[in-house]
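Protein chains get the first letters and strands the later ones, always in sequence-line order, with residue 1 at the start of each. All of these numbers come straight from a predicted model, not from anything done at the bench. Note that these values count all heavy atoms, side chains included, but never hydrogens, waters or copies made by symmetry.
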Amino acid sequence: MVKKKREVVVLEKCPTGIKGLDEITRGGLPQGRPTLVCGSAGCGKTLFAMEFLMRGAMQFGEPGVFMTFEETPEDLAKNFISLGFDLHDMESRGLIATDHVYIERTEIEETGAYDLEGLFIRLGSAIDAIKAKRVVLDTIEALFAGLSNAAIVRAELRRLFHWLKARGVTAIVTGESGDRLLTRYGLEEYVADCVILLDFRIDAQISTRRLRIIKYRGSSHGADEYPFLIDEGGFSILPITSLGLDYPVATERIATGVPKLDAMFDGKGFYRGSTVLVSGTAGTGKTSLAATFADAACRRGERCLYFAFEESPSQIVRNMGSIGLDLNRWVKKGLLRFHSARPSLYGLEMHLLTFHKLIEQFAPQVFVIDPISNLTAAGTAAEVKSILTRLIDYLKMKQISTFLTDLTHLQSGLERTSEEISSLIDTWILLRAIERNGERNRGLYVLKSRGMDHSNQIQEFVLTHQGIDLIDIYTGLGEVLTGSARVAQEAGERAAELACRREAERRLREQERKRKALETKIAALRAAFDEETEEVHLIADEERKRQAVHTESRLAMARFREGKPSEPPAKRVKKRGKGA
Amino acid sequence: MNKANNKITKTSNAEFETAVAKQNSATYAFRLYITGMTPRSIQAIAKVRQLCEKHLAGRFELKVIDIYQQPALAKGEQIIATPTLIKELPLPLRKFIGDMSETEKFLVGVDLKSKDG
């Protein structure tokens with residue numbers, strides 16, 4: 001029971017076909033009801049209404065009646081032509097009917113009570129003639145200016161809107177902004193279903209148009225102010241903030257174009273569809289890195305869209321020739337498309353729209369903006385962030401790999417300037433100039449890279465005629481050296497090492513020499529000792545012989561003296577023995 | 001009118017008299033646009049007829065057109081409000097909207113009465 005009731009309540013919507021509006025309104029304007037479009041002069045009300053009719057007639061097969069209170073049919077036809085529609089042709093084909101209501105207060109005398117049945121009849125017969133489903137009244141407030149009896153006009157307007165609802169036509173009523181009210185004569189009082197406000201303001205000499213849905217009875221809708229554009233293709237509203245964070249992601253990895261940079265990312269490069277930011281000060285090689293990435297994409301046979309905000313395409317092609325990139329062949333093959341524009345050429349919204357249009361047209365796999373920092377020339381930092389958020393969301397949804405460069409300034413600090421958009425970035429590479437010993441070298445490191453291993457090393461970034469090369473930076477002895485300092489340091493270190501080795505060798509030899517000297521000395525001493533020992537042995541021998549001789553002679557003497565051996569002669573012998 | 005005035009300076013009083021008489025005797029052509037036989041329509045028709053009979057007896061022509069029957073005419077004649085009375089002749093063309101309850105405005109509008117009354 002409840003379910004059934006709900007189905008009845010669901011509001012039917014009438015798609016407008018206006019780019020972006022159907023997304024904000026979740027399907028279009030309320031079907032069969034009047035919608036009020038209000039705004040100040042020149043904000044695009046008439047154009048909005050016109051496009052609603054045109055798209056209805058061309059895309060949705062719903063003929064429409066355009067009742068104008070201000071412009072003559074000739075002016076109207078001219079306006080339609082400016083959107084690329086031939087009003088007369090559409091009229092003859094029965095898709096559009098126009099009626100110009102002309103009221104001139106001075107030509108009319110009011111002589112009592114009246115009603116606006118004439119208007120109803122005109123509108124009714126126009127609707128019947130082409131079986132119209134859509135109606136535009138632009139702007140019905142002219143009735144208040146043309147007729148003095150406001151009470152009657154109000155009553156009749158109320159009746160008109162009821163009548164329109166009863167006829168089941170989807171109507172757009174335009175109204176000029178008033179002082180306190182949304183419209184000068186309070187039309188919002190009668191058209192209570194849907195009210196859209198168009199705004200047109202100029203900030204810092206750059207105009208921005210904005211659209212807001214003030215009210216949409218019985219339907220949810222985006223409540224923000226949406227920037228919109230009017231160009232030769234008509235109205236474009238940029239509703240990208242209404243997108244959720246639910247885009248699909250790829251696990252595929254794509255090469256950066258610099259093998260050693262790929263190596264810093266696990267050896268595989270960036271994720272497809274991710275957003276890469278390269279920031280660095282002037283002359284650190286951002287454009288070269290971007291061009292290399294673009295070149296790599298074209299090599300894979302992918303299409304690349306390159307937005308240059310600083311240089312002309314031919315200049316980029318020429319300059320990149322100096323690092324061995326031939327971008328011209330990709331341009332000729334149709335794989336690479338440049339788009340150059342000064343950021344201050346038009347407002348941010350227009351830039352965003354240009355991005356959108358070209359992306360839709362060219363359907364690239366890789367998208368480069370070089371550099372995004374220049375966009376601040378066209379708006380404030382907050383606006384740039386909002387634009388980039390929407391752009392990046394859009395690109396992610398389309399799975400387009402995005403490469404942004406960002407020019408930072410020395411005094412502001414590399415990390416801080418880009419903080420605003422850092423949360424949007426998946427992979428952030430920093431290029432910085434390293435100045436030392438009278439030369440300037442480039443260093444590259446990865447600040448962050450979501451969802452993958454990445455090197456924490458600072459690499460020296462070298463531009464050669466063969467392209468970009470990364471060299472491991474010198475990191476010995478607690479110092480970071482680049483360029484010739486690194487080369488010198490490495491050479492010096494090799495020399496020092498050699499010297500050390502020589503010294504050690506010398507010491508070894510010295511020690512050997514000492515050992516040998518010592519051994520010689522020991523040998524000499526031993527020789528002297530042996531000599532002495534020998535001598536001692538000789539003397540001892542001699543003594544023994546002499547003793548024996550002496551004993552023999554003493555025995556002989558005793559024998560001679562016939563057994564009268566006396567003590568003293570023995571004593572004497574002993575003394576003599578000792579003395580020898 | 002101007003042409004007539006120019007002539008006056010050059011011609012006699014008699015001629016002026018006849019010119020005025022001619023203007024007074026000019027035929028009036030009115031078209032009254034209504035939307036069906038609503039009370040307001042009926043009142044407007046009656047009122048216009050009554051005023052014309054009173055002030056322009058014998059020298060007026062009144063056509064009543066129901067735009068429900070001929071809706072195309074509404075667009076051609078720039079009819080928005082009903083009832084609308086259009087004075088086609090004598091020139092200039094004049095438009096009156098309403099049920100003619102404010103008789104004064106009609107009389108002044110068709111030059112049958114000066115603004116000061």
What heavy-atom pair brings [X] and [Y] nearest, and what distance separates the two atoms?
| X | Y | answer |
| --- | --- | --- |
| B:Ala74 | A:Gly118 | CB-O, 4.5 Å |
| A:Leu116 | B:Ala81 | CD2-CB, 3.9 Å |
| A:Ser125 | B:Pro71 | CB-CB, 4.0 Å |

TODO: Would you check, one step at a time, whether the test side chain to side chain contact (heavy atoms under 4.5 Å, CB included) holds for B:Lys75 with A:Arg122?
DONE: CA-CA 6 Å; B:Lys75 189 177 173 182; A:Arg122 285 167 74 166; 4.2 Å; yes

Looking at [X], I'd like to know if its [atom1] atom is crowded, meaning that more than 12 non-hydrogen atoms belonging to other residues, nucleotides or ligands lie closer than 6.0 Å.
| X | atom1 | answer |
| --- | --- | --- |
| B:Arg94 | CZ | no |
| B:Glu61 | CD | no |
| B:Lys87 | NZ | yes |

Atom [atom1] in [X], atom [atom2] in [Y]: separation rounded to 0.5 Å?
| X | Y | atom1 | atom2 | value |
| --- | --- | --- | --- | --- |
| B:Gln78 | A:His100 | CD | NE2 | 6.5 Å |
| B:Phe96 | A:Tyr114 | CZ | OH | 14.5 Å |
| A:Thr111 | B:Met100 | OG1 | CE | 3.5 Å |

Open item on the list: Please classify the contact between A:Glu110 and chain B as side chain, backbone, both or neither, with a heavy-atom cut-off of under 4.5 Å.
Closed with: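 Looking at A:Glu110, backbone and side chain both touch chain B.
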
TODO: Against chain B, label A:Ile152 side chain, backbone, both or neither, depending on which of its atoms sit under 4.5 Å from a heavy atom there.
DONE: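 A:Ile152 has no heavy atom closer than 4.5 Å to chain B.
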
- [ ] With a 4.5 angstrom heavy-atom cut-off, could you sort out which part of B:Tyr33 is near chain A: side chain, backbone, both or neither?
- [x]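 Contact with chain A: none, neither part.
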
Task: Matching residue for A:Ile121 among B:Thr35, B:Ile80, B:Thr82 - test: side-chain contact (heavy atoms from CB on, under 4.5 Å) - done: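 Considering B:Thr35, B:Ile80, B:Thr82, a side-chain contact (heavy atoms from CB on, under 4.5 Å) with A:Ile121 is found only for B:Thr35.
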
Open item on the list: Check whether A:Glu117 reaches the backbone of B:Pro83 with its side chain - one donor and one acceptor, N or O, closer than 3.5 Å.
Closed with: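 Flag not set: sc A:Glu117 to bb B:Pro83 has no pair under 3.5 Å.
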
Task: chain A-proximal positions within residues 37-49 of chain B [heavy-atom distance under 4.5 Å] - done: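 Interface residues of residues 37-49 of chain B: B:Arg40.
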
